[in-house]
Amino acid sequence: MGSCKDQEHKQMKFTYVDGAIIVGAGPSGLAVSACLSQQGVPSLILEKSDCIASLWQHKTYDRLKLHLPKQFCELPLFGFPKNFPKYPTKQQFIDYMESYASHFSIHPKFKQAVLKAVFDHSSGSWKVQTQDCEYISKWLIVATGENAEPVKPEIFGIDKFNGPVVHTSEYKSGSVFRNQRVLVVGCGNSGMEVSLDLCRNNAIPHMVVRNTVHVLPREMFGFSTFGVAMALLKWLPLKLVDKLLLLMANITLGSTEQLGLRRPKTGPIELKNVTGKTPVLDVGALSQIKSGKIKVMENVKEITRNGAKFTDGQEKEIDAIVLATGYKSNVPSWLQGCDFFTKAGMPKTPFPKSWKGDCGLYTVGFTKRGLLGTAFDADKIAKEISDQWRSINDCNKSCNSHVILLKKP
């Protein structure tokens, strides 16, 4: 499943991969590897970290749970254990990933950071260079996803701040901020959950709302909001489904605008499909905002040595800053000579055709549709590569048989 031939050339080892090269051992990389395996196609996963699902293992906070019910987060061909709760915990999801890799005998090459990948037109192969080896294959699958690197925005004066500044990728628990005034920059799912976690650890969170945001209840009348939306979309137009979701959200949550959380003009599902911006599924933060324990703040104008100034003229003393400002793709930093991706590292071709590029290039996990999109991509990629794989093998067998016939006296 790895190399069929190694060569030394100018101190660089070359490995010819029998099958596809997959960059990234997160859920997307594992899913496409499993689907390829099911089709009889080998693959090699290159992972820069020391484990699978490194974002989940190393860069998520302790209280994290899946925001959607587990049936919407399963990878292809292998579901969650039946005894897992409706919303699995971080550790349960990691255990599921480990079981998934074990079930399909997936063994990534760890600590292989891809520095450069380029298509060699003369050989018709992809050359993927890490710090100590160059891997060569007919197929390259980009599975690093939409959340490869943390986004740390430039905020005026933040370099002068006396206290700690951490991104949510470094945040584990609010216990280290007990009794501290913490500025949480960002009000997406991470910003809301971190603020709630800080509250429960007796910290004083000040959550900065930089943009409009849709807040929906995680469940409506005992049913998953996401599940309700998916069911309605089978029968009703998207815009009507959005209107119904917002109507039910106002009934269950009340007006969020009165709390300083203005809704976008575009509906939550349409906005997710167009921009990838996920609506916040409330797990308790909204009640803490209503009670005043989580303080909603306008955008930051300036960070001072001991606090922050805001665009509405307020000024607050703070002890620490948590940047809940999301993640971005890192594809432009290593994929070269390719016009398939935007400068932001996302496929130019929208879903549902974003999985396929040119010259044996494929992408998985860039659909802006979570793990459901990953499953869709993985299945499509595996079927197409397996067709090519069989054609090549049939051709090789045919050529070999002709050689044998020619050798006979």
Side-chain angles (χ1 to χ4, degrees), residues 1-4 15-57 75-78 97-98 100-119 125-131 133-148 329-331 333-336 338 340-341 345 347 354-367 371 373-389:
M1 193 173 292
S3 65
C4 58
T15 299
Y16 294 86
V17 176
D18 184 22
I21 296 173
I22 302 169
V23 182
S28 295
L30 298 181
V32 74
S33 179
C35 288
L36 286 168
S37 177
Q38 190 77 358
Q39 297 282 347
V41 182
S43 61
L44 176 68
I45 300 180
L46 303 177
E47 168 57 46
K48 68 178 181 179
S49 186
D50 59 354
C51 63
I52 65 168
S54 62
L55 179 66
W56 281 84
Q57 298 216 47
L75 297 186
L77 309 171
F78 188 81
M97 291 288 97
E98 297 280 6
Y100 191 89
S102 176
H103 180 80
F104 292 103
S105 299
I106 300 171
H107 304 288
K109 278 190 173 291
F110 296 116
K111 297 184 179 179
Q112 292 293 299
V114 173
L115 306 175
K116 179 174 70 173
V118 64
F119 185 73
S125 300
W126 285 94
K127 295 185 176 181
V128 182
Q129 184 181 328
T130 67
Q131 70 274 17
C133 187
E134 184 171 87
Y135 299 88
I136 302 171
S137 171
K138 180 175 175 61
W139 302 284
L140 173 63
I141 303 172
V142 179
T144 47
E146 305 159 5
N147 302 313
S329 166
N330 67 1
V331 175
S333 69
W334 56 268
L335 185 62
Q336 299 183 1
C338 176
F340 183 68
F341 285 86
S354 56
W355 58 275
K356 183 180 178 180
D358 297 323
C359 305
L361 176 68
Y362 299 91
T363 72
V364 57
F366 292 84
T367 64
L371 293 173
T374 288
F376 175 89
D377 285 347
D379 179 64
K380 291 284 188 182
I381 293 167
K383 287 178 179 176
E384 175 154 308
I385 290 180
S386 69
D387 288 342
Q388 298 173 27
W389 172 263

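All residue numbers refer to positions in the sequence shown, counting from 1.
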Could you check whether any side-chain N or O of [X] sits under 3.5 Å from a backbone N or O of [Y], counting only pairs where one atom can act as donor and the other as acceptor?
X	Y	result
Thr130	Gln112	no
Ser54	Cys51	no
Ser102	Glu98	no

Stepwise, does the side chain to side chain contact (heavy atoms under 4.5 Å, CB included) test hold for Phe104 with Leu30?
-> CA-CA 9 Å; Phe104 292 103; Leu30 298 181; over 6 Å; no
Does any non-hydrogen side-chain atom of [Y] lie less than 4.5 Å from one of [X]?
X	Y	answer
Val364	Val142	no
Ile22	Leu140	no
Asn330	Thr144	yes
Asp377	Val32	no
Val331	Ser333	no
Met97	Pro27	yes
Ser354	Thr367	yes
Glu134	Thr15	no

Can you pull the salt bridge (charged side-chain N to carboxylate O under 4.0 Å, His left out) pairs that have at least one residue in residues 22-49, sequence neighbours excluded?
->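 Counting only pairs at least two positions apart or across chains, the salt bridge (charged side-chain N to carboxylate O under 4.0 Å, His left out) contacts touching residues 22-49 are Lys48-Glu149.
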What is the distance from atom [atom1] of [X] to atom [atom2] of [Y], rounded to the nearest 0.5 Å?
X	Y	atom1	atom2	result
Gln39	Asp379	CD	CG	8.0 Å
Ile381	Thr363	CD1	OG1	6.0 Å
Ser43	Ile21	OG	CD1	10.5 Å
Trp126	Phe119	CH2	CZ	7.0 Å
Cys35	Lys383	SG	NZ	9.0 Å
Asp358	Cys338	CG	SG	7.5 Å

Testing the basics here: between [X] and [Y], what is the closest heavy-atom pair and its distance to 0.1 Å?
X	Y	value
Lys111	Asp50	CE-CB, 3.9 Å
Gly19	Ser137	O-OG, 2.5 Å
Ser329	Phe366	OG-CE2, 3.9 Å
Thr374	Ala31	CG2-CB, 3.9 Å
Ile45	Gly24	CG2-O, 3.5 Å

Given side chain to side chain contact (heavy atoms under 4.5 Å, CB included), test Phe110 with Ser49 step by step and report yes or no.
-> CA-CA 6 Å; Phe110 296 116; Ser49 186; 6.0 Å; no
Go through the structure and list residues passing ring pair (Phe, Tyr, Trp, His ring centres under 6.0 Å) with Trp56, not counting sequence neighbours.
->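 Ring pair (Phe, Tyr, Trp, His ring centres under 6.0 Å) list for Trp56, sorted by chain: Phe93.
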Check the angle between the aromatic planes of Tyr362 and Trp355 and answer parallel, tilted or perpendicular using the 30° and 60° thresholds.
-> parallel
Going by distance alone, is a donor N or O of one side chain under 3.5 Å from an acceptor N or O of the other, for Trp334 and Gln129?
->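 Gln129 and Trp334 do not have a side-chain donor-acceptor pair below 3.5 Å.
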Applying side chain to side chain contact (heavy atoms under 4.5 Å, CB included), run through Ile136 and Val128 and close with a yes or a no.
-> CA-CA 6 Å; Ile136 302 171; Val128 182; over 6 Å; no
Carefully, step by step, assess Tyr135 and Tyr16 under the rule side chain to side chain contact (heavy atoms under 4.5 Å, CB included).
-> CA-CA 6 Å; Tyr135 299 88; Tyr16 294 86; over 6 Å; no
